[in-house]
Amino acid sequence: MASSDVNVPGEPTQTGTAMVETVTSAIQDFAPINNIHHHLCAFHFYAHDMTRQVEAHHFCAHLNEEMRQCLIYDSPEADARLIGIEYIISENLFLTLPDKEKPLWHSHEYEVKSGILFMPGVPHALQYRELEKVCKTYGKVFHFWQVDKGDSLPLGLPQVMMAFTRDGQVSDHLLGDVEKRFDVSFKEEREKRAYMKGPDHGIHPLANGAGKGLVTKLREVDCPPPDSVPRFFF
């Protein structure tokens, strides 16, 4: 999906704004962003509706060997829209999660072994070394911008997203479009990755929504203020 498919409302960036950005970029330290070390392309679907499928470009940084965090864009282009985030953790960390938390996380084994999760432009030897690790992990994703609906701004609530776990789930049209644009063959990748292994204990039955759909909903609750602060909302 090209980021230009949806026009974001607003005036074009002014010259003065661009000049300030040029100066601040030379002065400030963008350490969290500069720690991003790889780009993964994959596909997500809304956890309550598998027919809504989105191309997702992950730009990820390790916090340590067992956890990484990713910014998700709708394309790898300079004008791409930031549509979500994903946290990726090891099997060991996933197993420490409370059972009520586990359904929010999805497995990566099928994505990796089927070939539909890949690192654009990275040589196979280097890419496979990283994907062997990803194959054993779990991810938690929220999307904020429903670009598949054509929204020109990030409207509505953040939604839980899931990853595909078996053949026949992801749209052939979506797969074909990505294969063409990135010059990859998912069939060939599947054959080459057959040796890779998923979680050592198998995919946990509570992962991937525990086999059920999940949707984020807004619920009103009482919000008592501190005694010293008047309760006013504007």
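Since this is a predicted model, take the numbers as computed values, not measurements.
Shortest non-hydrogen contact noted between G209 and L214 is CA-CD1, 4.0 Å. Between C135 and P199, the shortest heavy-atom distance links the atoms O-CD, 3.8 Å. Taking each heavy atom of A163 and S107 in turn, the nearest pair found is CB-O, 4.1 Å.
Considering only residues two or more places apart in sequence or on other chains, Y87 meets the side-chain hydrogen bond (donor to acceptor under 3.5 Å, both in side chains) condition with none of them. F43 pairs by the ring-ring contact (aromatic ring centres under 6.0 Å, His included) definition with nothing, not counting sequence neighbours. Not a single side-chain hydrogen bond (donor to acceptor under 3.5 Å, both in side chains) links E109 to another residue, sequence neighbours left out. For F182, the ring-ring contact (aromatic ring centres under 6.0 Å, His included) partners at least two apart in sequence or on another chain are H57, F118. For H44, the ring-ring contact (aromatic ring centres under 6.0 Å, His included) partners are H58, H143, not counting sequence neighbours. Every ring-ring contact (aromatic ring centres under 6.0 Å, His included) that H204 has, sequence neighbours left out, goes to F94. D183 meets the side chain to side chain contact (heavy atoms under 4.5 Å, CB included) test with no other residue; sequence neighbours excluded.
A 4.5 Å side-chain heavy-atom check between H108 and H106 finds at least one atom pair inside the cut-off. Between Q69 and I85 there is no side-chain heavy-atom pair separated by less than 4.5 Å. The shortest distance between side-chain heavy atoms of D74 and W145 does not fall below 4.5 Å. A 4.5 Å side-chain heavy-atom check between Y46 and V160 finds every atom pair outside the cut-off. Side chains of Q169 and Q53 form no contact here, defined as non-hydrogen atoms less than 4.5 Å apart. Residues I203 and N208 meet the side-chain proximity criterion, which asks for heavy atoms closer than 4.5 Å.
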Can you list the steps and then say if E55 with R181 is a salt bridge (charged side-chain N to carboxylate O under 4.0 Å, His left out)?
CA-CA 12 Å; E55 179 182 331; R181 282 190 285 116; 2.4 Å; yes
Would you please test V8 and L153 for side chain to side chain contact (heavy atoms under 4.5 Å, CB included) and show each step?
CA-CA 7 Å; V8 178; L153 290 171; 4.3 Å; yes
Do F186 and L175 pass the side chain to side chain contact (heavy atoms under 4.5 Å, CB included) test, and can you show the C-alpha distance, the side-chain angles, and the key distance before you say yes or no?
CA-CA 8 Å; F186 295 137; L175 292 175; 3.7 Å; yes
In sequence, state the C-alpha distance, the side-chain angles, and the governing distance for L97 and L206, and then conclude on side chain to side chain contact (heavy atoms under 4.5 Å, CB included).
CA-CA 11 Å; L97 299 176; L206 291 179; over 6 Å; no
Going through the distances and angles, do M161 and F142 end up as a side chain to side chain contact (heavy atoms under 4.5 Å, CB included)?
CA-CA 6 Å; M161 308 295 285; F142 284 93; over 6 Å; no
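Electrostatic pairing of R193 and E132 does not count as a salt bridge here, judged by no charged N lying under 4.0 Å from a carboxylate O. With salt bridges taken as basic N to acidic carboxylate O contacts below 4.0 Å, one links R190 and D167.
Atom-to-atom distance recorded for F59:CZ and L71:CG is 9.0 Å, nearest 0.5 angstrom. Annotation: the span from S185 atom OG to E179 atom CD amounts to 5.5 Å, rounded to 0.5 Å. For the atom pair CG (D172) and CG (D177), the distance works out to 12.5 Å, reported to the nearest 0.5 Å. Expressed to the nearest 0.5 Å, how far CG of L63 lies from CD1 of I88 amounts to 11.0 Å.
For N64 (side chain) and M67 (main-chain N/O), a donor-acceptor pair under 3.5 Å exists by modelled atom type. A donor-acceptor contact shorter than 3.5 Å is absent between the side chain of E111 and the backbone of A42. Of the possible donor and acceptor atoms, one in the side chain of D49 sits under 3.5 Å from a partner among the backbone N and O of T51. No side-chain donor-acceptor contact under 3.5 Å links E86 to the backbone of R68. In this structure a side-chain-to-backbone donor-acceptor pair under 3.5 Å is present from Q159 to T216.
With a 6.0 Å radius and a threshold of 12 heavy atoms from other residues, nucleotides or ligands, N34 has its CG atom above the threshold. Within a 6.0 Å radius of CD in E65, no more than 12 heavy atoms belonging to other residues, nucleotides or ligands are found.
In the hydrophobic clustering, where aliphatic and aromatic side chains (Ile, Leu, Val, Met, Phe, Trp, Tyr) are joined below 4.5 Å either directly or transitively, L131 groups with L40, V112, L117, M119, V122, L126, Y128, V134, Y195, M196. Cluster partners of L218, using a side-chain heavy-atom cutoff of under 4.5 Å among ILVMFWY residues and allowing indirect links, are L157.
Note: F45 and F164 meet the aromatic proximity criterion, with ring centroids under 6.0 Å apart.
Legend: disulfide bond (SG atoms under 2.5 Å apart) pairs involving residues 66-115, not counting sequence neighbours, sorted by first then second residue: C60-C70. Sorted by first and then second residue, the pairs that involve residues 90-103 and meet side chain to side chain donor-acceptor pair (under 3.5 Å), not counting sequence neighbours, are E66-S90, E91-H201, D99-K102, E101-W105, E101-K140. Among residue pairs with one or both ends in residues 195-214, those qualifying as salt bridge (Lys or Arg N to Asp or Glu O under 4.0 Å) are K136-D200; sequence neighbours excluded.
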